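Inspection log for the structure reproduced underneath, given as structure tokens.
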Amino acid sequence: MPELPEVEVTRRGIAPALLGARVRSVRLGKPLRWPLGADPATLVGSRVGDVTRRGKYLWLPLDAAGGLLLHLGMSGSLALLQSAPPHGPHDHFDLTTDRGTLRLNDPRRFGAVVWAPAIDANPAATLLARLGAEPFDPALTPAGFHAALQLRRAPIKAVLLAGDVVVGAGNIYACEALFQAGIHPALRADRISRPRAERLLGALRATLARALDLGGSTLRDFTDVHGMSGAYQTSAAVYGREGQACPRCGGAVRRVVQGQRSTFFCPVCQRR
DNA sequence: AGTTAAACCTGGTTGC
DNA sequence: TGCAACCAGGTTTAAC
């Protein structure tokens, strides 16, 4: 599921409700990507601070008890439950507080909940270290973006997905941003001109902002903390629309595989 | 060093 | 209907 918009929608859903909440108990289900790395009992009694986001990770500070780094993987979602119903087969983490239970549901278990003493201490620091710029950070300028792309020979689609230049775009929004920018997904990143890099950065920001407005995309699993689906997927121009008409030129949307992932694009509107 | 496959899992959809 | 093959919002890890 979750690319930056979905993670941010999730963060906005839980942050105000959990700020200052007192942890009552922690329940672990099946193993996630990594072990928690702490005795759940040591978290009990701590207070939740302000939940922040870095890339597709959420950081949930627990004052004296360090904090939790959360990732939703491919199929994860968080719910905030006032009275927690019995857990289902894919509920793998419960953080019960005096303000409700934060529950992670993740069928594929690519997600993670990892404890760290601080966000800049391991293992959180290592996981966050390789992340690129936040897409809405004003410090990320067209010139800086272009300069970073000049160092990469991989296809621009792969570079966007790698997230080490700019974070936030996953498979849906990388495809959509490239369509909006009129750039062919197989174009080498270092062959993108300065004006086109500027256009791509604008397209990426616009795509992510629009998805955020629509509550993200729900292909199958994703819901916000109240169980609501996102709506972006119905307005996608190319993603998931192989063979359908390009909304700009009417030609057929194509699907190719790049780096083991499907890429959707319009061969007419998107140029090398 | 930098790019590309393999791996982690489950479940829904497609095709024979 | 049954079953195999393929596909899916990600990213670390190992291998060219």
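Throughout, a chain's letter reflects where its sequence line sits, starting with A, and its residues are numbered from 1. Given the structure is predicted, the values throughout are model-derived calculations rather than measurements.
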Side-chain-base donor-acceptor pair under 3.5 Å for A:Arg108 and B:dC9: yes
Residue pair A:Pro40 / A:Leu28: nearest heavy atoms and the distance that separates them: CG-CD1, 4.0 Å
Atom CZ of A:Arg194: over 12 foreign heavy atoms under 6.0 Å: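 It does: A:Arg194 CZ has more than 12 such atoms within range.
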Pairing partner (Watson-Crick or G-U wobble, both distances under 3.5 angstrom) of B:dC9: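 By the stated definition (distances under 3.5 Å), nothing pairs with B:dC9.
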B:dC9 pyrimidine/purine six-ring stacking with A:Phe110, under 5.5 Å and 30°: no
Interatomic distance at C1', C:dT12 relative to B:dG11, whole Å: 23 Å
Span that lies between the P atom of C:dT11 and that of B:dA1, in whole angstrom: 24 Å
Closest listed nucleotide, where the reference is the side chain of A:Lys56 and the choices are C:dT12, C:dA8, C:dG10: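 Within the option list, the nearest is C:dG10.
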Among C:dG10, C:dA8, B:dA6, the nucleotide that comes nearest once only the side chain of A:Ser262 is considered: C:dA8
Distance-only polar pair, side chains of A:Arg109 and A:Ser75, donor-acceptor under 3.5 Å: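 Distance-only check fails for A:Arg109 and A:Ser75.
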Reported CZ-to-OG1 distance for the pair A:Arg47 and A:Thr97, which is rounded to 0.5 angstrom: 10.5 Å
Approximate separation, where rounding is to 0.5 Å, of A:Leu208 CG and A:Asp213 CG: 11.5 Å
For DNA chain B, the residues among residues 143-165 of chain A that have a non-hydrogen atom under 4.0 Å from it: A:Arg152, A:Arg153, A:Ala154
Same cluster (ILVMFWY, side-chain, under 4.5 Å), A:Leu36 and A:Leu72: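 The answer is yes; both residues are in one hydrophobic cluster.
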Nucleotide C:dA8, atom C1' - distance to CZ of A:Phe264 in whole Å: 10 Å
